[in-house]
2 protein chains.
Amino acid sequence: MSEKTTREQIVEAADALFYRQGYDHTSFADIAEAVQISRGNFYYYFKTKDEILDAVIEQRLADRRAMLARWEAETESPAERIRCYIKILITNQADIKRYGCPLGTLSSELAKLNHEAQGEAKALFTLFRTWLRRQFEELGHGAEADALALHVLAASQGVATLANAYQDDAFVRREVEGLFDWLDARLAEAKNTGKNGARPRKRQAAP
Amino acid sequence: MSEKTTREQIVEAADALFYRQGYDHTSFADIAEAVQISRGNFYYYFKTKDEILDAVIEQRLADRRAMLARWEAETESPAERIRCYIKILITNQADIKRYGCPLGTLSSELAKLNHEAQGEAKALFTLFRTWLRRQFEELGHGAEADALALHVLAASQGVATLANAYQDDAFVRREVEGLFDWLDARLAEAKNTGKNGARPRKRQAAP
DNA sequence: GAGGGTATAGGACGAACGTCCAAATTCAGG
DNA sequence: CCTGAATTTGGACGTTCGTCCTATACCCTC
């Protein structure tokens, strides 16, 4: 277990607390208690709370970029990669049920606070949007690739919001299955059929 | 223009401010300024901020119930009613782009605050969920009616979240069209075909 | 072991918060 | 008009917030 910088510890704790409690509702005192440092020590690393938020968003961007790179390395087809994204809803189900989507809830909160960092939060969405678009492009959906990417993003956001409200596992599973079916239909549509890696799955009725 | 009770004015102003700024970030001073009363006067009507939140949620429930009743009166088929719900994304597009969905963002915020009123906020979702389920039941989707209702809810939540992040009108229109198409496919599936009121529209490709 | 940059502690600061209260004002009925 | 209830006022209260400062501890290098 490697030693972590105080700064890294602050960002890590802030990241978790912003996710669980929201940015506005998380105080310096909360973070200080989590990291076990004094409140005054923050000023040495971050001059304002906004700077911590920027660092947290930067961290989330880096984490997600690493995740996407891992998927690129581990998978063999664009379709499989898109399925990786959809499957986050299952993998992170426990957290999503309790706190919602880390991207969506932050974006919504910053919009209400009319916070400067709205743009940075949007960049988190855009990271996935661009990546998903590329996958759809590789599948042969040139013109509509971006629309398809946004659709997948929207679908996952909606599932996360309702999963958070209702804590319903079965609902999440159903919607993920529905998204897989939707993706299969897009694969069938695509021109270069055959090498797209349609999954060996038993289909079932929508949704 | 009828005179409104001070209490009604407070709830109305709080409703709008909670929507635009969030519950936690809205202070008594904000509401007092909006209603043009003194801060101390709140205590006469509401003992705590939580009580104001309860009243606001109650108000939202009443508003939405009235809206559903209006749709019941103005439409002729369940399919048309479901389309009414989907069309809110267009009707309230301006507000949704700026502040997100009033139901979803409140629910998410209260979850982060771990607030007692999470259940009441969930009831707002459940109002639409139950209503949508009934529409799907009348369309002949007995067993899966609730799943279909949740799917529509999730889809609209996702669109609202991304509309808020990206301020993209074309995206919203595309997703609404996609939902209409999805609904048409469900209508075609339904057993009692013919009297379901499939819309006279030109279809186009998904999403 | 002295010196100097790095890091941490602890508290002061004013502002804003939710809450609460006592006094002032408004208003209706006798 | 008088009176008592309903309503409103403005400010006090204790707390917490983000910010900022200074004093102290730490640690490497000479």
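So you know, we letter chains A, B, ... as the sequences are listed, proteins then strands, and number each from 1.
Here A:Glu177 does not pair with A:Arg173 in a salt bridge; the nearest charged N to carboxylate O distance is not below 4.0 Å. Ion pairing of A:Lys112 with A:Glu109 is absent here, as no side-chain N (NZ or NE/NH1/NH2) approaches a carboxylate O to less than 4.0 Å.
Put simply, the side chain of A:Arg20 does not reach to within 4.5 Å of the side chain of A:His25, judged on heavy atoms.
Atom CG of A:Asp24 is separated from atom C1' of C:dC17 by 12 Å (rounded to the nearest Å). Going from atom CZ of B:Phe28 over to atom C1' of D:dC13 covers 15 Å, rounded to whole Å. Atom pair A:His115:NE2 and D:dG18:P shows a separation of 11 Å (rounding to whole Å applied). Protein atom CD1 of B:Ile31 is 17 Å distant from nucleotide atom P of C:dA16, rounded to whole Å.
Between A:Tyr85 and A:Phe128, the gap from one ring centroid to the other is short of 6.0 Å.
Cation-pi check for B:Arg60 over B:Phe18 is not met; the charged atom does not lie both under 6.0 angstrom from the ring centroid and within 45 degrees of its normal.
Residues forming a ring-ring contact (aromatic ring centres under 6.0 Å, His included) with A:Tyr45 (at least two apart in sequence, or on another chain): none.
Aromatic ring pairs are classed by plane angle as parallel below 30°, tilted from 30° to 60° and perpendicular above 60°; the pair A:Tyr23 and A:His115 is perpendicular.
When the side-chain nitrogen and oxygen atoms of A:Ser27 are compared with OP1 and OP2 of D:dT16, none of them lie within a distance under 4.0 Å. Residue A:Thr6 places none of its side-chain N or O atoms closer than 4.0 Å to OP1 or OP2 of C:dA7.
Contacts of A:Thr5 with the nucleic acid, taken as non-hydrogen atoms under 4.0 Å apart, are absent.
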Read 5' to 3' with Watson-Crick or G-U pairs under 3.5 Å, [ ] for crossing pairs and | for partners on another strand, DNA chain D gives |.|||||||||||||||||||||||||.||
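The structure places OG of B:Ser77 at 7.5 Å from CG of B:Leu139, a figure rounded to the nearest 0.5 Å.
Across residues 34-52 of chain A, A:Gly40, A:Tyr43, A:Lys47, A:Thr48, A:Lys49 each have a non-hydrogen atom less than 4.0 Å from an atom of DNA chain D (numbered order).
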